[in-house]
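Here the structure is laid out as structure tokens; the discussion comes afterwards.
Numbers here are sequence positions counted from 1. Just so it is clear, the values below take in all heavy atoms, side chains as well, and ignore hydrogens, waters and symmetry mates.
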Amino acid sequence: MDKRALRIAIILGALSALGPLAIDMYLPALPMMVSDLATNDGAVQRSLMSFFIGLTLGQLVYGPVSDKVGRKPVIYVGLALFTLGSIGCAMATSIEQLTLLRLVQGLGGSIGMVIGMAVVRDLYTGALAGRLMALMIMVLGIAPILAPLFGSVVLSVTTWHVIFIVLAIYGVVAIAVVARYLPESRMPELRAVSHPSAAFKHYAGLLVSSKFIPYVLALALAQAGFFAYLSASSFVFISLHSLSPMTYSIIFGVNAVGLIAGAQLNARYVRKHGAANVVRCATVAYAIAAVVLALADQAGYASLPLLCVLLFVVITSMGFLLPPSTMLAMEAHGAIAGTAAALMGAFQFGLGAVGSAVVAALADGTAAPMLGVIAGCGVAAALVANLAFPKRTAPAGAGAAAHH
């Protein structure tokens with residue numbers, strides 16, 4: 001891989017990390033924000049939900065528009081929104097202001113997720129494209145491990161407002177780096193024949209496709225449970241179990257390692273058993289661990305070690321089902337890959353917003369709302385994967401995985 005390709009992969013990985021950084025860096029601060037903003041757990045969790053809504057809407061728009069006007073102008077708009085939203089969040093004096101500004105921040109932060117895949121597809125093909133995507137994902141994977149730890153370090157010396165100032169600085173630096181080092185990858189002749197309105201027709205077609213919706217739905221339902229964990233885990237570990245923000249961040253980081261390990265290890269199982277079977281098994285493992293944990297909590301047996309172990313199983317299972325679900329959903333839609341990726345991302349973050357909204361609505365000072373939503377999402381994902389996937393004559397994905 002030449003220096004230029006490596007530099008592009010690192011830049012795109014850093015852009016893709018905008019969303020995870022803005023989600024994970026402030027998680028250790030959520031309990032502190034409840035008292036600072038004179039509000040309650042549920043209201044603070046809704047600020048995460050509004051960020052997910054911004055991520056959902058942004059993804060649907062940026063992909064088609066960047067096909068028409070080019071990648072870089074859209075990147076600048078997204079980064080400007082992210083930076084302004086971050087500055088606004090740092091200055092927020094009420095939970096209502098914070099929730100609205102998190103929506104703006106989410107609209108901007110969604111830019112990296114859509115544009116990263118599009119730029120790689122514009123510039124590279126074959127094995128190099130695969131290697132670039134893997135490097136991007138590695139850069140992206142580091143963010144959920146380091147972000148809460150960094151947030152905890154900030155909290156140990158100053159207030160939660162500074163976390164958003166750091167995110168704003170990240171946005172400004174990203175604008176400068178993109179301007180200097182990232183080439184415009186969308187060719188003028190392709191821009192000339194692109195019609196963003198066509199993407200919305202493709203969205204309609206994908207919504208009724210049996211080769212798209214079941215795979216996306218299984219993934220998005222699992223992700224809704226994962227986002228319930230994101231929105232409430234800091235309250236469960238810090239407020240209920242009296243852990244420090246730093247200890248919580250370490251637990252969160254260990255779970256993130258499980259997620260990445262699952263995503264890296266699944267390829268060998270996909271080759272052997274097929275992508276659809278891997279997704280079925282992963283959703284069942286996710287559902288069993290989540291249901292056992294929810295029932296143990298109701299019975300009064302959800303000790304801290306049991307909570308940590310079973311949440312690790314849930315989140316590692318999430319890692320196992322992410323790549324093959326994505327591959328299955330994209331398999332039949334190569335001609336409209338960008339549109340399909342945008343709709344899939346919107347589904348994931350849209351249901352993620354629903355998951356975090358339900359947890360916020362049910363917030364009662366216990367772990368039950370988070371664990372109940374995770375269990376419900378796990379069971380629903382397992383049912384979709386085992387009952388609604390199209391029947392196949394050969395193990396799907398075995399060949400596809402072998403090419404990567």
Side-chain angles (χ1 to χ4, degrees), residues 23-24 27-28 30-31 41 45 48 141 144-145 148 218-245 247-266 269 278-322 325 351-352 355-356 358-360 362-386:
I23 292 166
D24 300 337
L27 293 180
L30 292 183
D41 294 2
Q45 287 166 18
L48 192 58
I145 299 171
L219 175 56
L221 284 165
Q223 193 126 339
F226 177 65
F227 283 19
Y229 156 79
L230 288 181
S231 68
S233 58
S234 62
F235 293 103
V236 170
F237 284 109
I238 296 171
S239 300
L240 290 182
H241 289 279
S242 305
L243 301 183
S244 69
T247 307
Y248 162 69
S249 300
I250 292 166
I251 292 170
F252 189 93
V254 169
N255 286 339
V257 170
L259 182 77
I260 295 162
Q264 297 299 319
L265 290 171
N266 85 89
Y269 295 101
V278 170
V279 175
R280 289 186 185 106
C281 292
T283 54
V284 168
Y286 179 127
I288 290 171
V291 169
V292 169
L293 185 52
L295 292 176
D297 179 64
Q298 287 301 301
Y301 295 117
S303 63
L304 183 61
L306 186 72
L307 184 69
C308 290
V309 169
L310 290 179
L311 279 177
F312 181 81
V313 174
V314 167
I315 291 156
T316 303
S317 301
M318 183 78 207
F320 271 98
L321 68 92
L322 252 166
S325 299
L351 280 186
S356 53
V358 172
V359 174
L362 298 175
D364 61 358
T366 73
M370 179 185 86
L371 299 179
V373 170
I374 295 172
C377 291
V379 169
L383 287 172
V384 170
N386 286 278

Practice task
For the pair S231 (side chain) and A228 (backbone), establish whether a donor and an acceptor sit closer than 3.5 Å, ignoring hydrogens and angles.
Solution key: yes
Problem - Reported CG-to-CG distance for the pair L310 and L371, which is rounded to 0.5 angstrom - result: 9.5 Å
Problem - Main-chain N/O of L27 paired with S234 side-chain donor or acceptor, under 3.5 Å - result: yes
Problem - side chain to side chain contact (heavy atoms under 4.5 Å, CB included) between F237 and C308, worked out - result: CA-CA 10 Å; F237 284 109; C308 290; 3.9 Å; yes
Handout entry: Spacing of I23 atom CD1 and S356 atom OG [to the nearest 0.5 Å]
Key = 9.5 Å
Exercise for the section: Measure the spacing between CG of L321 and CD of Q223 and express it to the nearest 0.5 Å. Expected result: 9.0 Å
Problem - A368 to Q298 - nearest heavy-atom pair and separation - result: CB-NE2, 3.6 Å
Handout entry: Nearest non-hydrogen partners of G355 and V373, listed with the distance
Key = O-CG1, 4.0 Å
Handout entry: From CG (L240) to CE (M370), nearest 0.5 Å
Key = 9.0 Å
Practice task
Please round to the nearest 0.5 Å and tell me the distance separating atom CD1 of I260 and atom CG of N255.
Solution key: 11.0 Å
Practice task
Please report the closest heavy-atom contact between S317 and A285, naming both atoms and the distance.
Solution key: OG-CB, 3.7 Å
Problem - Evaluation steps, side chain to side chain contact (heavy atoms under 4.5 Å, CB included), between L221 and T283 - result: CA-CA 10 Å; L221 284 165; T283 54; over 6 Å; no
Handout entry: Parallel, tilted or perpendicular, as decided by the 30° and 60° cut-offs, for the rings of F252 and Y229
Key = parallel
Problem - Contact summary for A385 and R280, nearest pair of heavy atoms - result: O-NE, 3.2 Å
Handout entry: side chain to side chain contact (heavy atoms under 4.5 Å, CB included) assessment of M318 paired with L219
Key = CA-CA 8 Å; M318 183 78 207; L219 175 56; 3.9 Å; yes
Exercise for the section: Answer whether the closest heavy-atom distance between the side chains of C377 and F226 falls below 4.5 Å. Expected result: no
Practice task
List the atom of V278, the atom of F320, and the distance in Å for their closest heavy-atom pair.
Solution key: CG1-O, 3.9 Å
Practice task
State, with a plain yes or no, whether a side-chain heavy atom of L311 is found less than 4.5 Å away from one of I251.
Solution key: no
Exercise for the section: Identify the heavy atoms of A289 and V314 that sit nearest to each other, and give their distance. Expected result: CB-CG2, 3.9 Å
Problem - Donor-acceptor contact below 3.5 Å, side chain Y286 vs main chain A222 - result: yes
Exercise for the section: Please indicate whether Y269 has more than 12 foreign heavy atoms, meaning atoms of other residues, nucleotides or ligands, lying under 6.0 Å from its OH. Expected result: no
Practice task
Would you give the length of the straight line joining atom CG of L30 to atom CG of L230, rounded to the nearest 0.5 angstrom?
Solution key: 10.0 Å
Problem - Check: L293 and D297 side chains under 4.5 Å, non-hydrogen atoms - result: no
